[in-house]
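This report refers to the structure that appears directly beneath it.
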Amino acid sequence: WNSTLSSMSISPILAAVRSKFFPILLFTITVFAANAWGQKAAEIKRIDRYVRQLTTFVEKPSARLEIYADVSKTTKPRWRKFRSEKSLEKFRESNEVYEIAYVWRKNGKVVVVNFTFSSGSGDWAHYVFHRFRGDGSLAKVKAELRTFYGRMSVERTYYYRRNGKLITKRAKYLDLSTRKTKK
């Protein structure tokens, strides 16, 4: 056996494998990668279409908005429900609030939650918009951090499968004033 192997040249065997199987292997990998990318792109389009429907729903006057705010003055949160934006603004005339949640339900289920977080000094604000499917699974999160530190805005978008796995994430860094891309 050893004498047979030593008398054979390995180089022609490798050349045959490369010439016959490598293109097939490369083609197979390319087809699977393209298919996976196509499925991912299709899922993102479906999520964006659904999110546009939710935006239309939220903008309807009949859509019931729930407002919650952390009214604690300590590190331990104490969330309070407000009847309307007017009642929240009236409360804010004498009490500062740094965390607010705007919640919309459709058919009794939470489908949209917009959070606003800010600092006491007012030098940054973070807006985080969650979009949920009717089954309760998270579909998309869009977040924007605006800060005077570096005078920039950081926009992040996350897409999720029904099972909770991240499909993709995107980030943009923009100048706070001009909205032009920043490194």
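Atom set for the values below is all heavy atoms of this structure, side chains included, hydrogens, waters and symmetry mates excluded. Index from 1, following the sequence. This structure is a prediction, so every number in the text was calculated from the model and none was measured.
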Worksheet item: Is the His126-Phe115 ring centre distance short of 6.0 angstrom?
Response: no
Please examine the side chains of Val71 and Phe82, heavy atoms only from C-beta on, and report whether any two atoms are closer than 4.5 Å. yes
In terms of heavy-atom contacts, Ser72 and Pro77 come closest through OG-CA, 3.7 Å
Problem set entry | Check: Trp124 and Leu145 side chains under 4.5 Å, non-hydrogen atoms | yes
CZ (Arg162) and CD (Glu43) are apart, to the nearest 0.5 Å, by 8.5 Å
dist Arg161:CZ -> Ile167:CD1 (nearest 0.5 Å) comes out at 5.0 Å
Taking the side chain as C-beta and beyond, is there a heavy-atom pair between Lys140 and Ile44 under 4.5 Å?
no
Any Tyr102 side-chain heavy atom under 4.5 Å of Val112 side chain = no
Margin query: Can you see whether Phe91 has Arg80 sitting over its ring - NZ or CZ less than 6.0 Å from the centre and within 45° of the normal?
Written below: yes
Between Asp135 and Ser137 (side chain of the first, backbone of the second, donor and acceptor by atom type, cut-off under 3.5 Å), is there such a pair? yes
message = Hydrophobic clusters here meaning ILVMFWY residues chained together by side-chain heavy-atom distances under 4.5 Å, can you tell me if Leu174 and Met152 are in one?
response = no
> Does a donor on one side chain sit under 3.5 Å from an acceptor on the other, for Glu66 and Tyr68?
Replying inline: yes
| Under 6.0 Å from the NZ atom of Lys73, do we count more than 12 heavy atoms belonging to anything else shown? | yes
Distance col, row Ile47:CD1 vs Arg131:CZ, nearest 0.5 angstrom, shows 13.0 Å
Of Lys142, Arg146, Arg179, Arg170, the one forming a side chain to side chain donor-acceptor pair (under 3.5 Å) with Glu155 is Arg179
Between the OH atom in Tyr98 and the OG1 atom in Thr116, the distance rounded to the nearest 0.5 Å is 14.5 Å
(request) Ignoring hydrogens and angles, tell me if any N or O in the side chain of Lys182 forms a donor-acceptor pair with the backbone of Gly150 under 3.5 Å. (result) yes
* Asked: Looking at side-chain heavy atoms only, is the closest gap between Asn114 and Val58 below 4.5 Å?
  -> no
For Ala63 and Trp104, the nearest pair of non-hydrogen atoms, with its separation, is CB-CD1, 4.0 Å
In terms of heavy-atom contacts, Tyr149 and Thr147 come closest through N-OG1, 3.0 Å
Test item: Ile67 and Glu85 side chains (from C-beta on) under 4.5 Å apart, heavy atoms: yes
When Val110, Val111, Val141, Val103 are each screened for side-chain contact (heavy atoms from CB on, under 4.5 Å) with His130, the one that passes is Val141
Nearest heavy-atom approach of Phe57 to Lys106 is CZ-CB, 3.9 Å
Verify the cluster assignment for Leu65 and Val97: are they in a single hydrophobic cluster under the rule of side-chain heavy atoms below 4.5 Å apart? yes
Is Val51 reachable from Tyr159 through a run of hydrophobic residues whose side-chain heavy atoms are each under 4.5 Å from the next?
yes
OG1 of Thr178 to CZ of Arg151, rounded to nearest 0.5 Å, is 9.5 Å
Worksheet item: What about Val113 and Val128, same hydrophobic cluster or not, with Ile/Leu/Val/Met/Phe/Trp/Tyr joined at side-chain heavy-atom distances under 4.5 Å?
Response: yes
- Output yes when a side-chain donor or acceptor of Asp70 lies under 3.5 Å from a complementary backbone atom of Trp79, and no otherwise. no
Task: Note, Phe132 side chain near Leu54 side chain (heavy atom, < 4.5 Å) - done: no
